[in-house]
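Remarks on the structure that follows.
Because the structure is predicted, anything quoted here is derived from the model rather than measured. Residues take their numbers from the sequence shown, with the count starting at 1.
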Amino acid sequence: MGEELKMTVSPICTDESGKKKYAYVTFSDGTRSAEGKIPSCEITKNDGFSDEEAAALHFYMKTNLEDLKKIAAKINVFEALKK
């Protein structure tokens, strides 16, 4: 994965029923991007990463799931919009 890989985590979202919580994790190196969904750790979009690289991103999310959940939980949507 040549260039610097940047990761962003969304705030926690809920499904239509309000029962299932999830967040998105986006990876980008400037030319390629991929999006994953936690807690399932599935890659939902992939634009340019090889299958092997996408599998590595999946593994990263799975391995760091608890930390990613904490990051998503700390994000305040209203504070983020002010920036």
Side-chain angles (χ1 to χ4, degrees):
M1 296 186 203
E3 298 292 319
E4 179 182 355
L5 189 62
K6 295 184 180 182
M7 178 187 77
T8 57
V9 180
S10 78
I12 294 175
C13 305
T14 56
D15 67 358
E16 298 82 27
S17 70
K19 294 180 181 176
K20 292 187 179 182
K21 294 181 180 181
Y22 58 92
Y24 293 101
V25 181
T26 304
F27 302 93
S28 176
D29 67 2
T31 56
R32 305 174 297 169
S33 64
E35 181 181 89
K37 191 173 179 181
I38 58 171
S40 64
C41 299
E42 65 181 300
I43 298 295
T44 56
K45 294 180 185 175
N46 181 1
D47 184 21
F49 288 101
S50 69
D51 290 343
E52 184 178 298
E53 290 168 324
L57 296 174
H58 163 79
F59 180 77
Y60 175 85
M61 288 190 300
K62 193 172 181 178
T63 304
N64 295 284
L65 181 58
E66 292 308 312
D67 290 334
L68 293 170
K69 285 181 180 180
K70 288 176 186 174
I71 292 168
K74 288 181 181 177
I75 298 172
N76 181 321
V77 176
F78 298 109
E79 288 297 319
L81 290 175
K82 285 193 226 178
K83 293 182 180 180

Item checked: Which residues share a side chain to side chain contact (heavy atoms under 4.5 Å, CB included) with T8, sequence neighbours left out ->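 T8: side chain to side chain contact (heavy atoms under 4.5 Å, CB included) contacts with T26.
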Next item on the list: Not counting sequence neighbours, which residues clear side chain to side chain contact (heavy atoms under 4.5 Å, CB included) with T31? List them please.
Entry: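 Testing T31 for side chain to side chain contact (heavy atoms under 4.5 Å, CB included), a comparison that skips the adjacent residues, returns D29.
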Quick check: closest heavy atoms across [X] and [Y], and the distance to 0.1 Å?
X	Y	answer
V9	A72	CG1-CB, 3.8 Å
L57	A34	CD1-CB, 3.8 Å
I38	M61	CG2-SD, 4.2 Å
P11	A23	O-CB, 3.9 Å

Below 3.5 Å, can you tabulate the donor-acceptor pairs from side chains in residues 41-48 to any protein atom, sequence neighbours excluded?
{"from": "E42", "atom 1": "OE2", "to": "S40", "atom 2": "OG", "distance (Å)": "3.1"}
{"from": "T44", "atom 1": "OG1", "to": "E35", "atom 2": "O", "distance (Å)": "3.1"}
{"from": "T44", "atom 1": "OG1", "to": "E35", "atom 2": "OE1", "distance (Å)": "3.3"}
{"from": "N46", "atom 1": "OD1", "to": "F49", "atom 2": "N", "distance (Å)": "3.0"}
{"from": "N46", "atom 1": "ND2", "to": "F49", "atom 2": "O", "distance (Å)": "3.0"}

Check: Are I12 and Y22 in one and the same hydrophobic cluster, where Ile, Leu, Val, Met, Phe, Trp and Tyr link if side-chain heavy atoms are under 4.5 Å apart?
Finding: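 In one cluster: no.
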Notebook entry, point to check: Going only through I, L, V, M, F, W and Y residues with side-chain contacts under 4.5 Å, is there a path from I71 to Y60?
Noted result: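 Per the 4.5 Å side-chain linkage, I71 and Y60 are co-clustered.
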Check: Considering residues, nucleotides and ligands other than D51, do more than 12 of their heavy atoms fall under 6.0 Å from its CG?
Finding: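 No, not enclosed.
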Item checked: Between NZ on residue K69 and CG on residue N64, distance to nearest 0.5 Å ->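 Answer rounded to 0.5 Å: 12.5 Å.
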Item checked: Heavy-atom check, side chain of F27 versus side chain of S33, under 4.5 Å ->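 Contact flag for F27/S33 side chains = no.
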